[in-house]
Number of protein chains: 2
Amino acid sequence: MPRPPAGTPNARDKLLDAALSVIRAKGYSATSVDDLCAAAGVTKGAFFHHFRSKEALAVVAADHWSETTGGLFASAAYHRQTDPLDRVLGYVDFRRSLIAGEVCEFTCLVGTMVQEAYDAHPDIAAACGRSIFGHARTLEADIAEAMERRGMAGGGWTAAGLARHTQAVLQGAFILAKAGGGPDAAVEQIDHLKRYITLLFEARPGEGLPS
Amino acid sequence: MPRPPAGTPNARDKLLDAALSVIRAKGYSATSVDDLCAAAGVTKGAFFHHFRSKEALAVVAADHWSETTGGLFASAAYHRQTDPLDRVLGYVDFRRSLIAGEVCEFTCLVGTMVQEAYDAHPDIAAACGRSIFGHARTLEADIAEAMERRGMAGGGWTAAGLARHTQAVLQGAFILAKAGGGPDAAVEQIDHLKRYITLLFEARPGEGLPS
DNA sequence: TACAACATACCGACTAGTTGGTATGTATTT
DNA sequence: AAATACATACCAACTAGTCGGTATGTTGTA
């Protein structure tokens with residue numbers, strides 16, 4: 001692939017960026033190819049030059065979402081905490097701070113898409129799954145270290161499981177926000193999540209089980 | 001309204017029942033009126049005789065969902081527990097027992113619809129909100145009674161807030177199931193929810209605050 | 001009881017517009 | 001020259017919704 005002038009955003013990038021906001025607001029099915037082209041300021045020819053189909057764009061958009069958000073979290077300040085539990089709680093606080101403004105601005109592209117696509121579009125669903133579970137996996141090491149430091153093994157839960165739970169609560173928070181609760185309803189869920197993690201690490205690990 | 005033979009399901013009821021399963025599997029936007037008519041075994045004429053529009057059907061379907069599921073929970077056995085906390089945990093166990101089989105069989109119609117409809121279809125979003133928050137409200141009395149019996153006031157959370165949190169975790173659980181986790185991922189979330197509620201009621205309420 | 005007047009429930013062809021996708025063109029860069 | 005990166009024009013299938021019509025009531029009245 002020959003390098004374009006590298007400063008001007010090409011049609012492909014403009015379409016992907018447009019997809020993030022348009023699909024988050026309208027959903028995958030209700031977003032037409034023309035909608036995406038209009039939002040990106042490109043023509044249909046450009047669309048089908050870069051993507052085999054609307055479904056193919058959705059898959060790439062999900063990966064694009066993973067990279068974009070992945071970069072945001074990777075460079076966030078909570079990683080600098082020395083206590084691994086503080087890093088986990090710092091992640092939760094950071095997620096909380098992101099919830100503001102219009103609902104479509106803080107909700108999750110892949111959570112929205114997988115609801116519509118899981119049955120009819122397996123490729124999209126798989127891309128969304130990679131994004132959600134891949135992001136959860138970035139939390140595992142800190143949770144596992146916090147568990148080890150406090151001797152938490154044997155409580156009936158795992159680092160991977162708790163990491164997945166954080167994502168479930170976040171996705172549920174977005175649904176409640178969309179159902180009329182707004183940002184407040186979403187923040188409330190994150191506060192419960194933080195309280196849960198705090199309680200988990202305060203509680204004594206399971207008595208009858210070896211650590 | 002004159003009573004029809006009362007045993008034969010009419011087109012309206014058949015369409016509403018079809019909507020519950022078809023929209024849960026395909027989503028609202030991807031479900032066409034023809035899809036619904038075919039699933040219900042009725043014609044398009046019957047559809048628009050009973051519903052002004054596809055959007056109007058979705059609103060009635062959301063209310064129909066509330067009634068159907070409402071009846072299921074109202075008649076469940078966990079209400080017979082004498083300890084209010086046991087009733088709350090019994091509700092969680094009951095939700096856990098419902099998660100089995102295909103994803104489209106245990107997921108939530110209104111959670112699916114509101115994701116697509118919250119922006120473009122306010123009437124549908126409002127109906128979904130009534131369903132979710134209305135169902136949450138049915139848990140409030142038991143939670144409040146459990147809080148009172150154990151002197152839990154002042155911990156920074158309320159009965160209504162915890163009730164909403166149960167619904168957020170459930171909705172998030174469905175998304176993770178759709179993202180490839182299957183029933184196991186959903187059950188895992190409910191186990192975390194139960195552990196959270198248990199820990200909450202074991203913890204001592206906030207020290208510096210009056211009860 | 002008989003008949004007119006009206007209402008409800010439903011049918012299926014039809015339409016105007018939209019959909020994802022294609023075919024073919026042109027300008028720019030290497 | 002040749003590939004890339006777009007643009008324009010177009011199409012067949014599908015979309016929600018309409019409309020004229022029918023079959024089967026129900027209701028009022030003489």
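All chains are named by letter (A, B, ...) in the order of the sequence lines, taking the proteins before the strands, and each is independently numbered beginning at 1.
- Stem analysis of DNA chain D (Watson-Crick or G-U pairs, both distances under 3.5 Å, runs of at least three) returns C:1-30 with D:1-30.
- For the pair B/K54 NZ and C/dG17 C1', the interatomic distance rounds to 15 Å; values are reported in whole Å.
- Under 4.0 angstrom from either OP1 or OP2 of D/dC6 there lies at least one side-chain N or O belonging to A/H50.
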Just distance, no hydrogens or angles: give the donor-acceptor pairs under 3.5 Å from side chains in residues 125-135 of chain A, sequence neighbours left out.
{"from": "A/R130", "atom 1": "NH2", "to": "A/D63", "atom 2": "OD1", "distance (Å)": "3.4"}
{"from": "A/S131", "atom 1": "OG", "to": "A/S66", "atom 2": "OG", "distance (Å)": "2.9"}
{"from": "A/H135", "atom 1": "NE2", "to": "A/Y91", "atom 2": "OH", "distance (Å)": "2.8"}

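- In the model, A/D142 has no side-chain atom that pairs as donor or acceptor with a side-chain atom of A/H79 under 3.5 Å.
- In this structure, B/D123 has no salt bridge (charged side-chain N to carboxylate O under 4.0 Å, His left out) partners at least two apart in sequence or on a different chain.
- Taking the side chain as every heavy atom from C-beta outward, A/M147 and A/W157 approach each other to under 4.5 Å.
- Residues A/T158 and A/I143 are not in side-chain contact: their nearest non-hydrogen atoms beyond the backbone lie 4.5 Å or more apart.
- Because its NZ or CZ atom is not both nearer than 6.0 Å to the ring centre of B/F47 and within 45° of the ring axis, B/K54 does not count as a cation-pi partner of that residue.
- For A/E55 and B/R12, each mapped to the nucleotide of DNA chain C holding its nearest heavy atom, the one lying further toward the 5' end belongs to B/R12.
- With rounding to whole Å, A/F47 atom CZ is found 17 Å from D/dT8 atom P.
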With 3.5 Å as the limit, what N/O pairs link the protein to nucleotides 18-20 of chain D?
none

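- Within the 4.0 Å cut-off from OP1 or OP2 of D/dA5, at least one side-chain nitrogen or oxygen of A/H49 is found.
- With sequence neighbours excluded, the residues satisfying side chain to side chain contact (heavy atoms under 4.5 Å, CB included) with B/A56 are B/R52, B/S53.
- Less than 4.0 Å separates DNA chain D from no heavy atom of any residue of residues 25-39 of chain A.
- Among C/dC10, C/dC11, D/dG17, the nucleotide with an atom closest to any side-chain atom of B/V42 is C/dC11.
- Residue A/H165 is tested with B/Q189, B/E188, B/H192 for a side-chain hydrogen bond (donor to acceptor under 3.5 Å, both in side chains); the sole match is B/Q189.
- Between A/L139 and A/V88, the closest side-chain pair of non-hydrogen atoms is not below 4.5 Å.
- Between B/K26 and A/D119, none of the side-chain N atoms (NZ, or NE/NH1/NH2) sits under 4.0 Å from a carboxylate O, so this pair counts as no salt bridge.
- Between A/Y196 and B/Y196, the ring planes lie perpendicular to each other; the angle is over 60°, past the 30° to 60° tilted range.
- Taking atom CG of residue A/N10 and atom C1' of nucleotide D/dC6, one finds them 11 Å apart after rounding to whole Å.
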